[in-house]
J.: 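This structure is in structure tokens; I'll ask about it shortly.
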Amino acid sequence: MSAMQQTPSIPSGPRYESRHPVSIPPQDDALNFLDFWRILFNSKWLILFFAMLGGVGGVYMAMSTPPIYRTQVLMEPVAEDHKSSGGLLAQYGGLAALAGIDLGGSNSSKGTALAILSSYKFIEGFLKEENLIPILYAKRWDLASQSWKDTDPNSKHTLWDAVHYFKGILKVTEDKKTNMIVLAIEWRDREQATQWANLLVERINHYMMERTINEATKGVEYLKNEWTKNDVVE
């Protein structure tokens, strides 16, 4: 009888059994509405402090910053009436028209006025004649001695600086709907803003009138010279 060979048994590892299963709810990272209000309530004093600080800062800025006033003038280009103008325009208006010179066309006058009002030369002359540099830089100008408070020549404002500063105060635009020129002054003094706007309108009108007369004079002189060269004029 053959002997039976016995296979050695391999010890097995420990076994784990769950006798009482427990369900774990999924974790939600988002805060619900109740948690949000709980955080706000716990931080109410900190939020109130920053709100009051912002309010005080806003009131201080509003009280310390000077108000800026805006004065606006509408200018409508008008063609010159040669019969009612009198003088050179009434006398030689027809001759200047023959020479191809425009004596007051609204379109050309508007474009010219816009260019002149924004030019450096025009603003420079206006600042010089009205002596506006001490007014523009009033904090650095001594009215009693009529000189700069700071004697350092590098700190003094030049005419070029004043022109660029005034260009930020002066706003010149064209209203496409009404075909008018809008001239506005934004300045901290209401009366000065109104005065400057009116002076600029008077100055540009005077400049445009002189320019028209000069062009008419040149055209008339040209026609006179050409007239004398020819014995017969058709």
Side-chain angles (χ1 to χ4, degrees), residues 67-138 157-224:
I68 301 298
Y69 300 96
R70 179 183 175 91
T71 300
Q72 184 171 296
V73 179
L74 297 178
M75 297 186 297
E76 181 179 6
V78 179
E80 294 289 345
D81 186 359
H82 300 158
K83 296 181 180 179
S84 61
S85 297
L88 183 64
L89 294 181
Q91 184 177 359
Y92 296 113
L95 294 177
L98 290 176
I101 300 175
D102 183 12
L103 297 182
S106 59
N107 292 331
S108 61
S109 299
K110 181 177 64 175
T112 304
L114 286 171
I116 294 174
L117 285 170
S118 303
S119 65
Y120 176 88
K121 183 178 180 181
F122 180 82
I123 298 178
E124 178 186 9
F126 179 73
L127 297 182
K128 282 183 178 180
E129 291 185 5
E130 301 301 328
N131 194 24
L132 297 185
I133 297 181
I135 299 177
L136 296 177
Y137 303 101
H157 293 283
T158 62
L159 186 58
W160 178 268
D161 298 331
V163 170
H164 281 275
Y165 184 24
F166 194 79
K167 278 190 173 184
I169 299 171
L170 173 63
K171 313 292 183 182
V172 182
T173 57
E174 179 185 0
D175 192 344
K176 300 292 185 180
K177 296 181 179 179
T178 60
N179 198 31
M180 291 185 179
I181 298 176
V182 181
L183 187 149
I185 296 290
E186 296 179 356
W187 186 240
R188 55 179 175 263
D189 190 292
R190 182 186 304 171
E191 294 181 359
Q192 289 179 346
T194 304
Q195 181 184 8
W196 295 350
N198 293 330
L199 289 175
L200 284 170
V201 172
E202 293 178 3
R203 187 179 181 88
I204 190 62
N205 285 335
H206 181 71
Y207 186 93
M208 295 294 293
M209 180 62 68
E210 286 187 347
R211 181 177 178 273
T212 303
I213 293 176
N214 291 334
E215 289 185 355
T217 303
K218 293 179 181 178
V220 170
E221 292 297 330
Y222 171 79
L223 289 176
K224 286 182 178 179

J.: When you look at Glu174 and Val182, which way does the side chain to side chain contact (heavy atoms under 4.5 Å, CB included) test go after all the steps?
T.: CA-CA 6 Å; Glu174 179 185 0; Val182 181; over 6 Å; no
J.: Test: salt bridge (Lys or Arg N to Asp or Glu O under 4.0 Å). Region: residues 119-138. Which pairs qualify, not counting sequence neighbours?
T.: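 Every salt bridge (Lys or Arg N to Asp or Glu O under 4.0 Å) pair that includes a residue of residues 119-138, provided the two are not neighbours, is Glu124-Lys128, Glu129-Arg203.
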J.: Work out which heavy atom in Ala193 is nearest to a heavy atom in Trp187; give both atom names and the distance.
T.: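 Where Ala193 meets Trp187 most closely, the heavy atoms are CB-CB, 4.0 Å.
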J.: Quick one, Trp196 with Ile135, criterion side chain to side chain contact (heavy atoms under 4.5 Å, CB included). Give me CA distance, side-chain angles, the key distance, then yes/no.
T.: CA-CA 12 Å; Trp196 295 350; Ile135 299 177; 3.9 Å; yes
J.: Is there a side chain to side chain contact (heavy atoms under 4.5 Å, CB included) between Leu183 and Gln72? Walk through the geometry before answering.
T.: CA-CA 6 Å; Leu183 187 149; Gln72 184 171 296; over 6 Å; no
J.: Tell me, which pairs form a salt bridge (Lys or Arg N to Asp or Glu O under 4.0 Å) where one or both residues lie in residues 177-200, sequence neighbours left out?
T.: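 Found Arg70-Glu186.
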J.: Return all side-chain donor-acceptor pairs below 3.5 angstrom for residues 163-170, not counting sequence neighbours, or 'none' if the list is empty.
T.:
from: His164; atom 1: NE2; to: Trp160; atom 2: NE1; distance (Å): 3.0
from: Lys167; atom 1: NZ; to: Ser118; atom 2: O; distance (Å): 3.3

J.: Quick check for you: to the nearest 0.5 Å, what is the distance between Leu159 atom CG and Ile133 atom CD1?
T.: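 CD1 of Ile133 is found 5.0 Å from CG of Leu159.
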J.: What are the two closest heavy atoms between Phe122 and Ile204, and how far apart are they?
T.: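 That closest heavy-atom pairing would be CZ-N, 4.1 Å.
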J.: Can you measure from CG (Asn179) to CG (Asp175) and round to the nearest 0.5 angstrom?
T.: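 Going from CG on Asn179 over to CG on Asp175, the span is 8.5 Å.
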J.: Could you tell me if the side chain of Met75 sits less than 4.5 Å from the side chain of Leu117, heavy atoms only?
T.: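 Side chain of Leu117 against side chain of Met75, heavy atoms only: contact under 4.5 Å found.
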J.: About how many Å separate CD1 of Ile181 and CG of Leu114, when rounded to the nearest 0.5 Å?
T.: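 Nearest 0.5 Å value for the CG-CD1 distance: 4.0 Å.
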J.: Nearest 0.5 Å, what's the OG1-CD distance between Thr217 and Glu210?
T.: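 Result: 11.0 Å between the selected atoms.
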J.: Evaluate side chain to side chain contact (heavy atoms under 4.5 Å, CB included) for Arg211 paired with Thr112, printing each intermediate quantity in order.
T.: CA-CA 10 Å; Arg211 181 177 178 273; Thr112 304; 3.8 Å; yes
J.: Hey, what do you get for OG1 (Thr178) to CG (Leu74), rounding to the nearest 0.5 Å?
T.: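 Reported to 0.5 Å precision, the distance equals 6.5 Å.
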J.: Output yes when a side-chain donor or acceptor of Asp161 lies under 3.5 Å from a complementary backbone atom of Thr158, and no otherwise.
T.: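 Side chain of Asp161 to backbone of Thr158: a pair is present.
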J.: Can you give me the closest heavy-atom contact between Val73 and Ala197, atom names plus distance?
T.: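 Reported closest heavy-atom pair: CG2-CB, 3.9 Å.
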J.: Could you give the distance from CG (Leu200) to CD1 (Ile116), rounded to the nearest 0.5 Å?
T.: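 One gets 12.5 Å once the value is rounded to the nearest 0.5 Å.
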